[in-house]
Amino acid sequence: MSIVLTEFARPRLFPRTPRANTIQDCSAEQFVQHLNTHAPFKVLDGYAPFCKLHVYENWTSTRCLTVPITVANQHQLRSGYEARNRDELPVLVRWFEGVESPVADYLVVILYSAEQLAKEGTHITAGWGIVGCIYTAEPEEVPMAPITMMRNALGVEEGGSGVPLDREAYARAVAFWEANANWRG
């Protein structure tokens, strides 16, 4: 299996100005090389047949993506409208400021097949492309954000994948994201 980093994922995982809440201790090229030369700890099916999740034991100092919301930290939650890139509509997101999570035990790399990426207008030179990565304490997927599920259901024209909304998965995601939030360093 050959893996490349998509231009969609590059600025989110390896921004020009490094941030504490992105992948640490390696370049984008070193990250991709590691994925192509080390077997994953575990492989999970994604939300659609074209999506696979490769779980790796964290070899970096990258911190967990999410933090539980508590009475002690809820005052540090912030929100705003943001787009993932200039072609997408801004959506409401929330995050912690001034909160730091522990170092992640696992990196869950989200891969889309070359065929799906081509449908979305991205052509790659490998069988699979990285579209994201979840940094977590458990070797499992963190539920996709509900707004991402909705964007996917809207179709590729709006930055999604065209996969219809799964109400049960959406309810599980809402339960998780009501109790947790991302953080920014």
Joint hydrophobic cluster, [X] plus [Y], side-chain heavy atoms closer than 4.5 Å:
| X | Y | answer |
| --- | --- | --- |
| W183 | V93 | no |
| L53 | V43 | no |
| I134 | V67 | no |
| V142 | V174 | yes |

Practice item. Report yes or no: do Y47 and S161 form a side-chain donor-acceptor pair below 3.5 Å? Key: yes

Check your understanding: Any chance the side chains of S61 and D25 put a donor and an acceptor closer than 3.5 Å?
Key -> yes

[Y] and [X], any side-chain heavy atoms less than 4.5 Å apart:
| X | Y | result |
| --- | --- | --- |
| V131 | L111 | no |
| L107 | T62 | yes |
| S101 | R63 | yes |
| N58 | V103 | yes |
| H123 | L117 | no |
| R84 | T148 | yes |
| T136 | L65 | no |
| N182 | W177 | yes |

Check your understanding: Just checking, R184 and W95: is the charged tip under 6.0 Å from the six-membered ring centre and within 45° of the axis?
Key -> yes

Mind listing the closest non-hydrogen atom pair of [X] and [Y] along with its distance?
| X | Y | answer |
| --- | --- | --- |
| G129 | I124 | N-CD1, 3.6 Å |
| I69 | F96 | CG1-CZ, 3.8 Å |
| E158 | L89 | OE1-CD1, 3.7 Å |
| C133 | I110 | N-CD1, 4.2 Å |
| Q30 | C26 | OE1-CA, 3.2 Å |
| A173 | P143 | CA-CB, 3.8 Å |

**Study point:** Derivation of the side-chain contact (heavy atoms from CB on, under 4.5 Å) call for S113 and W128
**Key:** CA-CA 5 Å; S113 70; W128 295 86; 3.9 Å; yes

Give a yes or no on whether [X] atom [atom1] has more than 12 heavy-atom contacts from other residues, nucleotides or ligands under 6.0 Å away.
| X | atom1 | value |
| --- | --- | --- |
| E82 | CD | yes |
| Q33 | CD | no |
| K119 | NZ | no |
| E97 | CD | yes |

Study note, to complete from the structure: salt bridge (Lys or Arg N to Asp or Glu O under 4.0 Å) filter on R172, not counting sequence neighbours, yields none

**Study point:** Partners passing salt bridge (Lys or Arg N to Asp or Glu O under 4.0 Å) against R10 (at least two apart in sequence or in another chain)
**Key:** E7, E29

What's the separation between atom [atom1] in [X] and atom [atom2] in [Y], rounded to the nearest 0.5 Å?
| X | Y | atom1 | atom2 | result |
| --- | --- | --- | --- | --- |
| M144 | F176 | CE | CZ | 13.0 Å |
| I23 | L13 | CD1 | CG | 4.5 Å |
| C64 | N180 | SG | CG | 10.5 Å |
| K52 | L44 | NZ | CG | 9.5 Å |
| H54 | L35 | NE2 | CG | 9.0 Å |
| E88 | R86 | CD | CZ | 12.0 Å |

Practice item. Dump the intermediate steps for salt bridge (Lys or Arg N to Asp or Glu O under 4.0 Å) on R151 and E157, then the final yes or no. Key: CA-CA 10 Å; R151 186 188 313 275; E157 302 81 23; over 6 Å; no

Proximity of [X] and [Y] rings by center, below 6.0 Å:
| X | Y | result |
| --- | --- | --- |
| Y112 | F50 | yes |
| F41 | Y106 | yes |
| W59 | F31 | yes |

Review point. Just by modelled atom types, is the G127 backbone N or O under 3.5 Å from a matching donor or acceptor in the S2 side chain?
Key: yes

Review point. With distance as the sole test, does N73 use its side chain to make a donor-acceptor pair with the main-chain N or O of Q76 at under 3.5 Å?
Key: no

Practice item. Just do the side-chain contact (heavy atoms from CB on, under 4.5 Å) check on Y56 and V109 with the steps written out, would you? Key: CA-CA 8 Å; Y56 293 85; V109 181; 3.9 Å; yes

